[in-house]
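What follows is a single structure, written as structure tokens, with notes after it.
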Protein chains: 2
Amino acid sequence: MPSDAHRTFKDRLYGLFARIGKTLASPHRLEILELLAQGERTVESLARELGLSLANTSQHLQALRQAALVESRKEGLYVYYRLADPAVSDLCRSVRTVAEHRLAELDRLVRDHFGDRAAAEPVSMDELLTLARSRDVIVLDTRPASEYAAGHIAGALSVPIDDLQRRLRQLPRDREYVAYCRGPYCVYADRAVEILRAKGRRARRLLEGFPEWKAAGLPMHTGLEQGVLR
Amino acid sequence: MPSDAHRTFKDRLYGLFARIGKTLASPHRLEILELLAQGERTVESLARELGLSLANTSQHLQALRQAALVESRKEGLYVYYRLADPAVSDLCRSVRTVAEHRLAELDRLVRDHFGDRAAAEPVSMDELLTLARSRDVIVLDTRPASEYAAGHIAGALSVPIDDLQRRLRQLPRDREYVAYCRGPYCVYADRAVEILRAKGRRARRLLEGFPEWKAAGLPMHTGLEQGVLR
DNA sequence: ACAGTAATCAATAGATTACTTGATTACTGC
DNA sequence: GCAGTAATCAAGTAATCTATTGATTACTGT
């Protein structure tokens, strides 16, 4: 029977697709993937950031590796994990998009937690690009320095959110600022805007984060040098 | 502690994302979603096509509805399910893309089942579009008539694969054919090409299927009328 | 060689999920 | 109203998944 062979083919085929799907079924794994979208990280640093045990984190990472969504390299004591493919980042964004479109609870949750975000006058990526070309805006990367080093918006200045207060004097009053962070659900940029405004600066936040910027193919740099966004 | 509040926010946030992810964790649900991408269907017809029990199918559909990925309407005895949003179709495609990029097994499986597909000289969507504009190709929709009615490539002729043999006399010998079906893993178009060539016609298959065509925003029709692709 | 740390492995308990079976509800046509 | 069919519900079992714990491996620096 050809239909028997065809059934087993389909079962195997969708079994493979589901292997990808299964890895997206855990909140923690999704969070890991979003952190890895910022750049490679060690198991321990992921565990700390997520508040998970080391063993548990390691197991999630292995689940991700079995589905070939991440790869790793060993350096001394540390194992660094990274996304295996930009398509993985796209996939996560796709999940998020569907959740945003379809889950009314998400909207409520974000509203409750962030309050009215329109107050921060969020800038879209396109807007930032034209802004940076026409006027002198200072783009601030508020993520930890290691994430900045792994990749950042071209011309952005690295000011991790915890250092911002202390480094205010380096940021002139008469300039215009746009802060960005890991993504639309990350609070770093919001906090930065709050602090900057409290200290008399004009500041807004980028609506999206670095992974979206990268996925859009917009200009970026790696390392610690700070080029100019043009 | 603000970090406590922040943790619960993140847990809820990723919990919502994972609600979407969880529905993608089952091979059967993924297959259901791909069938629904062709057009709305009743529970019973899905169960029959998938070889699942009615109750089981119904439960999967309810899982999908709980994640707000599908919606339904009732008409007489039948409940028709449909995708709730085009973004759901994009999400499924994204899962497939990652699987294609990352799982070597998939490539092997497809090769084993389809043999060398290059022999069928697959046409891309762009190619078909230019082909249709410059020459007289006849585009054949090999899916069941109900799927054709729910939406098809503009100008395509509905010839369900099971009817092809019988309707060959209606298909002139001196024309060129491109057959398409549900998607790259559907065999209908391959079979059609085989039959057409055996009967002396020039035939190729469209690499992608109707959902991809629709997602790309290319010209389509619904209903039974057969317009011309230009 | 030894102590110390990152990461993985192995075993387990608890929670969640998938599918079956049989009963129930909702609707149609007679 | 009644028979027949589509769909859902409810309960139970088997399988799978998640997180924990404690042990083990791999590597570094002394």
Side-chain angles (χ1 to χ4, degrees), chain A residues 7-8 10-12 14-33 35-36 40-67 69-82 146, chain B residues 7-8 10-12 14-33 35-36 40-67 69-82 146:
Chain A
R7 239 306 112 200
T8 51
K10 279 197 174 172
D11 286 349
R12 283 190 202 157
Y14 286 98
L16 288 176
F17 295 156
R19 194 191 293 176
I20 306 294
K22 275 188 224 292
T23 62
L24 306 176
S26 145
H28 290 146
R29 277 196 297 272
L30 287 172
E31 199 170 353
I32 289 176
L33 289 175
L35 281 173
L36 292 182
E40 66 172 14
R41 285 184 85 128
T42 66
V43 183
E44 200 220 5
S45 108
L46 284 168
R48 207 169 343 102
E49 176 110 18
L50 297 171
L52 299 181
S53 75
L54 197 65
N56 192 9
T57 307
S58 175
Q59 275 165 199
H60 279 305
L61 285 164
Q62 276 162 72
L64 289 167
R65 180 159 44 192
Q66 271 220 316
L69 300 191
V70 305
E71 292 172 340
S72 63
R73 70 184 175 87
K74 185 153 194 177
E75 188 181 309
L77 275 182
Y78 296 89
V79 177
Y80 289 86
Y81 280 86
R82 63 178 177 280
S146 59
Chain B
R7 238 306 112 203
T8 51
K10 278 197 175 172
D11 287 348
R12 283 190 202 158
Y14 286 98
L16 288 177
F17 295 156
R19 194 191 294 178
I20 305 295
K22 274 187 223 292
T23 63
L24 306 176
S26 145
H28 290 147
R29 278 197 295 271
L30 288 172
E31 200 172 350
I32 288 175
L33 288 174
L35 281 173
L36 291 182
E40 64 171 14
R41 284 184 86 129
T42 67
V43 183
E44 201 221 5
S45 109
L46 284 167
R48 208 168 343 103
E49 178 109 18
L50 297 169
L52 299 181
S53 75
L54 197 65
N56 193 10
T57 307
S58 175
Q59 275 163 198
H60 279 304
L61 285 165
Q62 278 163 72
L64 289 167
R65 179 160 43 194
Q66 271 218 316
L69 300 190
V70 305
E71 293 172 338
S72 63
R73 68 183 177 86
K74 186 152 191 179
E75 189 181 307
L77 275 181
Y78 296 90
V79 177
Y80 288 86
Y81 281 84
R82 62 178 177 277
S146 59

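All values derive from a computational prediction rather than experimental measurement.
An OP1 or OP2 oxygen of C:dT17 is reached within less than 4.0 angstrom by no side-chain nitrogen or oxygen of B:His60. Listed pair A:Tyr81 / C:dA6 fails the phosphate criterion, with no side-chain N or O lying under 4.0 Å from OP1 or OP2. Under 4.0 angstrom from either OP1 or OP2 of D:dA7 there lies no side-chain N or O belonging to B:Ser58. Distances shown here put every side-chain N or O of B:Tyr80 at or beyond 4.0 Å from the OP1 or OP2 atom of D:dA7. The phosphate of D:dA7 has neither OP1 nor OP2 within less than 4.0 Å of any side-chain N or O from B:Gln59. Proximity of B:Ser53 to the phosphate of C:dT20: a side-chain N or O atom is located under 4.0 Å from OP1 or OP2.
The distance between atom CG of B:Leu54 and atom P of C:dG22, rounded to the nearest whole Å, is 15 Å. Atoms CG (A:Leu52) and C1' (C:dA7) sit 15 Å apart, rounded to a whole Å. In this entry the distance linking CD of B:Gln66 with C1' of C:dA18 reads 15 Å, nearest Å. Taking atom CG of B:Asn56 as the reference point, atom C1' of C:dT21 lies 12 Å away to the nearest angstrom. In this entry the distance linking CG of A:Leu30 with P of D:dC17 reads 16 Å, nearest Å. Counting to the nearest Å, the P atom of D:dT8 and the CG atom of B:Leu64 are 12 Å from each other. B:Arg73 has its CZ atom 14 Å from the P atom of D:dT8, to the nearest Å. Between the CZ atom of B:Arg65 and the P atom of D:dA7 there is a distance of 12 Å, given to the nearest Å.
Between the side chains of B:Gln62 and B:Ser58, at least one donor-acceptor pair of N or O atoms lies under 3.5 Å.
Nearest heavy atom pair, residue A:Arg82 against residue A:Ser72, reads NH1-C, 3.9 Å. Scanning both residues, A:Tyr78 and A:Thr42, for their nearest heavy atoms gives CD2-CG2, 3.6 Å.
A:Glu31 and A:Arg41 are not joined by a salt bridge, as no carboxylate oxygen comes within less than 4.0 angstrom of a charged side-chain nitrogen.
Each of A:Gly76 and B:Leu61 was matched to the nucleotide of DNA chain D holding its nearest heavy atom; the match closer to the 5' end belongs to B:Leu61. Mapped onto DNA chain C by nearest heavy atom, A:Lys74 and B:His28 fall at different nucleotides, with A:Lys74 at the one closer to the 5' end.
Within the nucleic acid shown, A:Thr57 has no heavy atom closer than 4.0 Å to any nucleic acid atom. In this structure, A:Ala55 reaches the bases: a heavy-atom distance under 4.0 Å links it to at least one base atom across the strands shown.
Paired with A:Tyr81 under the rule side-chain hydrogen bond (donor to acceptor under 3.5 Å, both in side chains), one option of A:Arg73, A:Arg65, A:Glu71 passes, and it is A:Arg65.
Of the candidates D:dA19, D:dT8, C:dC27, C:dC27 carries the atom nearest the B:Leu77 side chain, counting heavy atoms from C-beta on.
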